[in-house]
Student: 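This is the structure I want to talk about, given as structure tokens.
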Amino acid sequence: MSTVRYKTSPDPVSTDGRDIDRKIAELAGEAADQQASGAAGKHIEKQAGTWTQLPQPHAADPTYYDRPLLNESVWGWAIPTYYYVGGLAGASLALGAALELQHAAKFDRLIRRCHWIGFLGCCVSGALLVYDLGKPQRFLNMLRVFRPTSPMNVGAWILSGTSGASAAAFFFRQAGYAAGLFGMALATYTGVLVSNTAVPLWNASRKVLPVLFAASAVTSAGSLFELFDQDEDEARVTRAFGSVGKLAEIAASVIAEQHASQVARVGRPFQRGFSGFLWRTAAVLTAGSVVMNLLPRPTRGKRLASGILGTVGSLLMRFALEQAGNASARDPRASFHSQREPLAQ
Amino acid sequence: MPGQPQAAPVKGFFTDTTLCIGCKACEVACKQWNQLPDDGFLFTGMSYDNTAHLGASTWRHVAFIERPAPLHPQNEGAFSWLFSSDVCKHCARAGCLEACPTGAIIRTEFGSVYVQPDVCNGCGYCIVSCPFGVIDRREEDGRAWKCTLCYDRLRADMQPACAKSCPTESIQFGNLEDLRKQARERVEKLHSQGMREAYLYGESAASQPGTEGLHAFFLLVDKPEVYNLPPDPIVPTKTVKDAWTAMAAGALGIALAALGAAFFAHKNGAQS
């Protein structure tokens, strides 16, 4: 990989940004192996796009030219999508296990559906996670250690376990119980993953995010089931399951915002900008979905509307949280204030 | 144990910002020794700092602070320069290391924090776990990179390239214990010379409990924020118990919702 610089000069140079001629030099430094194209990459776009207005010196509340303190996450669309899909799979498997406990033949089709959604969800989750890696071919390195200090490592094991158990459930129904337990962990560990960061907004709401993720997972599963053709018994289960999730999701998102906003600057992305818009839209859609559930005389139209609103709502919530976290990582004062205000008390 | 590498004394940096003249020799020496590619070229418009921030291909960064306040002994009236060469802090308790899901990030025999490029799979979790915004992923490369404390040079009994090149000894390298002693003496000396603002940033676990002390610590003369350093950084795993507890509550909630819904539908269905 290299780019040609000084193209208009009589002597253009082909470089990867090291200005070392690889034909005559031996590259053996610690970063010799770092792949570079020599073209101005995302790093420069990120740095250049930081300012929207000239920084003003502020003696009482200083920053370094309003530059970010933290490096914001490099995760793309696949990661919030994974939070949704993993939550969906986990909550479905948990519902499947709970239905299995009722020992009622009328739920057999729904249980099978739970297992299918769980299994396919795990496959999609794995694909999304591998896709987002910088080195996708090294995805198995996730399982070369067991490291409880890293929620991501714990999560890799949980996802592996859930995949295995949900596949086994097709052959042995008893495995559905194990899949349900794994599913509960799969739907919630992502909340710990996000909380366990230096990103001020995520870290400040760490006591709520795993609960919010759990509630959103229940919403996702309940909403998706409503899009299928269901008989009355099945519809009753999924409507009850989904409604609880939706109400809990709205409550948890309000509390998460309160926790983050204990330091005003930290919670700001929940209220302002694109992330604030997504966050509020998600809550409105979820509320709309629960209203559709609770309206008297359920019809197919209401069920579909509820399913679509709930699905889009919980998906948007994951993206809103991602955007809000990135916005707070870009704001140096979010970190500074969250560390100063406890000191001042 | 035979075959086990002998633990060397813990090594580190003491960066005395009062001696820094902003020459950026450390930035250049680091790039050249480690054979780091450039980041592209950007005119930031902020003082003489066009490096802007530490990143995947920038392991030393000199901050240029134009301060509208006097500083003895700079005789510029209500203006003073501050320079500071920033680097990975090699925290005694490192957020990146604890977050790494593959074990690519390790603690070396010198006490430094090292990313093994042949193991890193570029998940990006260390990036959001560093409270200093040090480690980053290079897009074309796909892996996370940061200062290695010149691991290759240390193994050959040499000091890191930045410290070697520093013309004013603003960057001092050595055994961490010795550096701490030197740093305390330096602060006392500055105080006696009238620079009362001088203090040490992150030199011990007591002064920075959130990271349990930095192996690369600093002497500063203004608030840490002025240098783009966090005033009280906390490694995320210090508070992660809250989140695991909340996860247990969330999982329990899912179980109750599932059992409740199944039970409710079963009972009501049986009646109708």
Side-chain angles (χ1 to χ4, degrees), chain A residues 16-18 27 29-37 40-44 47-48 57 62 64-65 69-71 73-74 94-95 98-99 102 104 133-135 138 141-142 145 149-150 152-153 184 188 192 195-199 206-207 210-211 214 218 233 236-237 240-241 244 335-336 339-340, chain B residues 34-40 42 46 52 55 68 98-99 101-103 117 119 121-125 127-131 133 136-143 148 152 223 225-226 228 230-232 236-237 240 242-244 246-247 249-251 253-255 257-259 261-262 264-266 269:
Chain A
D16 66 351
R18 284 187 174 83
L27 263 63
E30 288 277 12
D33 182 32
Q34 187 177 103
Q35 295 299 305
S37 65
K42 285 197 178 153
H43 169 80
I44 216 157
Q47 296 293 352
Y64 185 66
Y65 300 100
L69 164 73
L70 302 173
N71 287 326
S73 95
V74 292
L95 182 63
L99 289 168
Q102 305 298 324
L133 289 178
K135 288 268 175 205
R138 293 189 185 172
N141 283 8
M142 289 285 184
V145 288
T149 62
S150 169
M152 190 181 276
N153 177 266
M184 280 154 51
T188 47
V192 183
S195 305
N196 183 44
T197 60
V199 175
R206 63 181 177 273
K207 290 178 184 163
V211 177
V218 173
D233 284 314
R236 205 176 277 120
V237 176
F241 190 56
V244 171
S335 297
F336 295 159
Q339 295 173 23
R340 277 285 177 199
Chain B
N34 293 302
Q35 295 176 330
L36 279 158
D38 68 44
D39 307 292
L42 171 72
M46 49 186 216
E98 296 196 333
T102 63
V119 180
N121 68 5
C123 72
Y125 199 33
I127 298 166
V128 284
S129 299
C130 173
D136 207 353
R137 192 167 89 178
R138 178 135 188 152
E139 280 316 305
E140 305 104 301
D141 180 76
R143 288 170 292 182
T148 66
D152 52 350
K223 288 179 177 171
E225 291 97 318
V226 171
N228 213 8
D232 185 22
T237 39
V240 74
D242 292 340
W244 288 117
M247 174 182 161
I254 295 180
L259 290 169
F264 156 83
H266 187 43

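Throughout, a chain's letter reflects where its sequence line sits, starting with A, and its residues are numbered from 1.
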Student: Main chain of B/I127, side chain of B/R137: is a donor-acceptor contact present, judged purely on distance under 3.5 Å?
Tutor: no
Student: Between chain A and each of B/L259, B/L36, B/T102, count heavy-atom pairs under 4.5 Å; write down the option with the most.
Tutor: B/T102
Student: Top residue by heavy-atom pair count (under 4.5 Å) with chain A, among B/G133, B/A99, B/G103?
Tutor: B/G133
Student: Is it the backbone or the side chain of A/V199 that comes under 4.5 Å from a heavy atom of chain B, or both, or neither?
Tutor: both
Student: What option among A/L70, A/V192, A/N153 has the most heavy-atom pairs under 4.5 Å with chain B?
Tutor: A/V192
Student: Tell me, out of B/G142, B/P236, B/G122, who's got the most heavy-atom pairs with chain A below 4.5 Å.
Tutor: B/P236
Student: Check each atom of B/C130 against the heavy atoms of chain A and say whether the ones under 4.5 Å are side chain, backbone, both or neither.
Tutor: backbone
Student: Run A/M142 and A/L133 through side chain to side chain contact (heavy atoms under 4.5 Å, CB included) and show every step you take.
Tutor: CA-CA 11 Å; A/M142 289 285 184; A/L133 289 178; 4.0 Å; yes
Student: Identify which of A/V244, A/T188, A/D16, A/L95 forms the greatest number of heavy-atom pairs closer than 4.5 Å to chain B.
Tutor: A/T188
Student: Using a 4.5 angstrom heavy-atom cutoff, name the option from A/A32, A/S335, A/P62 with the most pairs to chain B.
Tutor: A/P62
Student: Do you know which of A/V237, A/V218, A/T197, A/L99 has the most heavy-atom pairs with chain B at a distance under 4.5 angstrom?
Tutor: A/T197
Student: Ignoring hydrogens and angles, tell me if any N or O in the side chain of A/Q35 forms a donor-acceptor pair with the backbone of B/D141 under 3.5 Å.
Tutor: no
Student: Considering only heavy atoms and a distance below 4.5 Å, find which of B/G253, B/P117, B/A249, B/A246 pairs most often with chain A.
Tutor: B/A246
Student: Between A/A94, A/S195, A/A104, A/A214, which residue shows the highest count of heavy-atom pairs closer than 4.5 Å to chain B?
Tutor: A/A214
Student: By a 4.5 Å heavy-atom criterion (distance strictly below it), what part of B/P68 contacts chain A: side chain, backbone, both, or neither?
Tutor: side chain
Student: Give, as side chain, backbone, both or neither, the part of B/T148 having an atom under 4.5 angstrom from any heavy atom of chain A.
Tutor: side chain
Student: Looking only at non-hydrogen atoms, find the nearest pair between B/P131 and B/S129 and report the distance.
Tutor: CD-O, 3.3 Å
Student: B/E225: which residues meet the side-chain hydrogen bond (donor to acceptor under 3.5 Å, both in side chains) condition with it, sequence neighbours left out?
Tutor: A/R340
Student: Specify which of B/T237, B/N228, B/N121 makes the most heavy-atom pairs with chain A at under 4.5 Å.
Tutor: B/N121
Student: Can you tell which of A/V145, A/L27, A/L69 has the highest number of heavy-atom pairs within less than 4.5 Å of chain B?
Tutor: A/L69
Student: Should A/S150 and B/E98 count as side-chain neighbours, where that means a heavy-atom distance under 4.5 Å?
Tutor: no
Student: Got a second to check how far A/R18's CZ is from B/Q35's CD, nearest 0.5 Å?
Tutor: 7.0 Å
Student: With sequence neighbours excluded, tell me which residues meet salt bridge (Lys or Arg N to Asp or Glu O under 4.0 Å) with A/D33.
Tutor: B/R143
Student: Given the options B/A255, B/A257, B/P37, which has more heavy-atom pairs under 4.5 Å with chain A than any of the others?
Tutor: B/P37
Student: Please check: side-chain N/O of A/E30 versus main-chain N/O of B/N34, any donor-acceptor pairing under 3.5 Å?
Tutor: no
Student: Pair B/V240, A/R206 - check side chain to side chain contact (heavy atoms under 4.5 Å, CB included), show working.
Tutor: CA-CA 8 Å; B/V240 74; A/R206 63 181 177 273; over 6 Å; no
